[in-house]
2 protein chains.
Amino acid sequence: MMQGAVCHGVPAALLPTGVGRGPYAYQTFRDLIDAYRFDRPAGFTVKLEGEATATVYYLVSGWLVLSKSTANGHRQIVDVVLPGGILDPVSADACTSIVEIEPLTDVSFAAVPREDWHRMLSENPSITREIDIINRAAIARMFERMLRLGKGSAESIIAFAIYELHLRSTVLGMTDGYRLRIPMTQQQLGDFCGLSAVHVCRTLRRLKRHGVLEVTDHMDIRIRDIDALTEIAGIDPDALRQEIIPAA
Amino acid sequence: MMQGAVCHGVPAALLPTGVGRGPYAYQTFRDLIDAYRFDRPAGFTVKLEGEATATVYYLVSGWLVLSKSTANGHRQIVDVVLPGGILDPVSADACTSIVEIEPLTDVSFAAVPREDWHRMLSENPSITREIDIINRAAIARMFERMLRLGKGSAESIIAFAIYELHLRSTVLGMTDGYRLRIPMTQQQLGDFCGLSAVHVCRTLRRLKRHGVLEVTDHMDIRIRDIDALTEIAGIDPDALRQEIIPAA
DNA sequence: CGATTAGTTGAGGAGACTCAAACATTGTGG
DNA sequence: CCACAATGTTTGAGTCTCCTCAACTAATCG
């Protein structure tokens, strides 16, 4: 049912809304995206380096995760990118890549040469502003996640992750009420929440047992008690929405 | 000795380097900063909200931390801001503040109205680029910290924090070789590393016992075995420097 | 010089980890 | 169409890290 929206097509909320409202700006941005658009199946992985970093990525559809890993094999997913997300994976020295990128689903994205990207921005101040807002939202949700990664129980970080992904998906029109398919394994959710896969499993089952969630068939989630979920996650729903949802 | 550099005056590396190299750009930026500059003692706190968020802060000297806290009293420091750092504490909706701000020392900063800030940027593309780089560096170091916050032992996150702060301070000319004064209590370091103050204490003592650090008198730190420190933190020193140090 | 704040140390407990084995689901080749 | 492999989830047992509580010491300051 809703897989379609996740993996294919441009969600209604994506290009039309939010990014450039004037007809000219809209055309420009969209043309640029279309010109450099690629489709890739779920399997591929990118370790960005060298000239690959001279590129700005704009996700049109599908889910990506950005992660870092340590020498001893641990991995932390630092952000989940949903359609409309921007990926500018270049560190301070403008040539070392910061993160590894992994698609969770089939993805469609635009790989725009940095030069073209910046030209487009300089010609379209309104888009610059929109993108600024998108970036702010990304930082805001990272802050929230750090809060729960550092302090906070397994329950609270998992509850937060699920609530965050549900909220963001809903804004993109990818949910069916309180139902949400998260295209991650428990291992990946663990890498996102700083937990072992085993503990993710136990925690999800506890949430299920307490009637907060329903989890079926590989992360097909239904939120049964949203108040309990936000309570466990330590979320003020209105404040969170204002912080992490790009609103112009 | 080096406290002077931490708390007062403009570190050599700050305004002159990095931010705007042409005489015109340099003048403009510096004038703006000077026009809106404030000094504040260590004690004050800001909870930014309302029109306060229509302001961009540029830290001239001193240390600040940005933190978030939960309803149940836990706090996570999401970043430490050193001289030259920019603080644009506005979330996606452009009016809710994301973070609380706390100075660790006496600070001198410029509180620039957003409008003026953006005008300055639009008139000085080179400064825009510099600031972009500063922001990237901030994100890169947050990614690194998230990796250790999620996975990683108390030793590794503390070792990382100390190494990071030493590296950044060194670039700003605020260290004396391997000596560094971190103006944080163990409680604050714990809030930064996602640990209790008690465990910070134990961990520091262990590092001391193993000859990695020397800790005297309220976080006056000397790194005795930098290789051991990077090993424990899981750091590749060259790569880290490239990622988190703004280099133009 | 007491009062406050920060750091140290011990004891005990809870939460999350690892290892390991069983089970479920999906996909594949014979 | 079945057997089997591969992948992911579930559950149990045991351990270790880190937390909390609490008492004590050290340093700082009016």
Side-chain angles (χ1 to χ4, degrees), chain A residues 3 41-43 45 65 70 72-76 102 104-105 148-162 181-210 213-221 232 234, chain B residues 3 41-43 45 70 72-76 102 104-105 148-162 181-210 213-221 232:
Chain A
Q3 265 97 323
T45 27
V65 292
T70 59
N72 54 48
H74 287 285
R75 188 172 85 128
Q76 176 68 42
E102 183 187 339
L104 298 177
T105 65
R148 280 139 189 112
L149 267 185
K151 326 283 163 146
S153 59
E155 275 201 353
S156 101
I157 176 84
I158 287 188
F160 182 83
I162 290 172
R181 174 164 180 77
I182 298 181
M184 298 171 114
T185 63
Q186 293 186 350
Q187 175 66 54
Q188 288 165 329
L189 187 55
D191 289 344
F192 189 40
C193 296
L195 301 167
S196 71
V198 171
H199 205 63
V200 168
C201 174
R202 286 190 223 276
T203 307
L204 282 177
R205 306 227 95 234
R206 194 173 338 133
L207 291 172
K208 201 168 161 182
R209 208 161 46 238
H210 294 357
L213 297 178
E214 208 167 89
V215 186
T216 49
D217 179 45
H218 275 253
M219 300 280 94
D220 231 326
I221 290 176
I232 292 167
Chain B
Q3 265 98 322
T45 28
T70 60
N72 54 47
H74 287 284
R75 188 172 85 129
Q76 177 68 42
E102 182 187 339
L104 298 178
T105 65
R148 280 139 189 114
L149 223 43
K151 325 284 162 144
S153 60
E155 275 202 352
S156 102
I157 175 85
I158 286 188
F160 181 84
I162 289 173
R181 173 163 181 78
I182 298 181
M184 298 171 112
T185 63
Q186 292 186 350
Q187 176 66 54
Q188 287 165 329
L189 187 56
D191 289 344
F192 188 40
C193 296
L195 300 167
S196 71
V198 172
H199 205 62
V200 168
C201 174
R202 286 190 224 277
T203 307
L204 283 176
R205 306 227 96 234
R206 194 173 337 134
L207 291 172
K208 201 168 161 182
R209 210 162 42 239
H210 293 357
L213 297 178
E214 208 167 90
V215 186
T216 49
D217 177 47
H218 276 254
M219 300 280 95
D220 231 326
I221 290 177
I232 291 167

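Naming: A, B, ... by sequence-line order, numbering from 1 per chain. Remember, predicted model here, so these are calculated numbers, not experimental data.
- Shown are A:Ile182, A:Thr216, A:Leu207; of these, the side-chain contact (heavy atoms from CB on, under 4.5 Å) with A:Ile221 is made only by A:Ile182.
- In this structure, the CG atom of B:Leu204 is 15 Å from the C1' atom of D:dC18, given to the nearest Å.
- A donor-acceptor pair under 3.5 Å is absent between the side-chain atoms of B:Arg148 and the main chain of B:Ala161, judged by distance alone.
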What verdict does the salt bridge (Lys or Arg N to Asp or Glu O under 4.0 Å) test give for A:Glu155 and A:Arg206, after you've listed the backbone C-alpha separation in whole Å, the side-chain angles of each residue and the deciding distance to 0.1 Å?
CA-CA 9 Å; A:Glu155 275 201 353; A:Arg206 194 173 338 133; 3.2 Å; yes
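- A:Thr185 comes within contact range of the sugar-phosphate backbone alone, with a heavy-atom separation under 4.0 Å but no base atom that close.
- You'll find that the side chain of A:Met219 is closest to D:dT9, out of D:dT20, C:dT9, D:dT9.
- Note on A:Gly190: nothing from the nucleic acid sits closer than 4.0 angstrom, heavy atoms only.
- Scanning atom types as modelled, one donor and one acceptor separated by under 3.5 angstrom connect the side chain of A:Arg202 and the base of D:dG12.
- The nucleotide whose nearest atom lies closest to any side-chain atom of B:Val198 is, among D:dC18, C:dG7, D:dC21, D:dC21.
- Remark: side-chain polar atoms of B:Lys208 are paired, donor with acceptor, to backbone N or O of B:Val215 under 3.5 angstrom.
- For B:Thr203 and B:His218, each mapped to the nucleotide of DNA chain D holding its nearest heavy atom, the one lying further toward the 5' end belongs to B:Thr203.
- Rounded to a whole Å, the CZ atom of A:Arg205 is 12 Å from the P atom of C:dA24.
- The listed nucleotides are C:dG7, D:dC21, D:dT9; the one nearest the side chain of B:Gln186 is C:dG7.
- Among the heavy atoms of the strands, none lies under 4.0 Å from A:Gly152.
- Side-chain proximity of B:Cys201 to the nucleotides C:dT8, C:dA16, C:dT26 is greatest for C:dT8.
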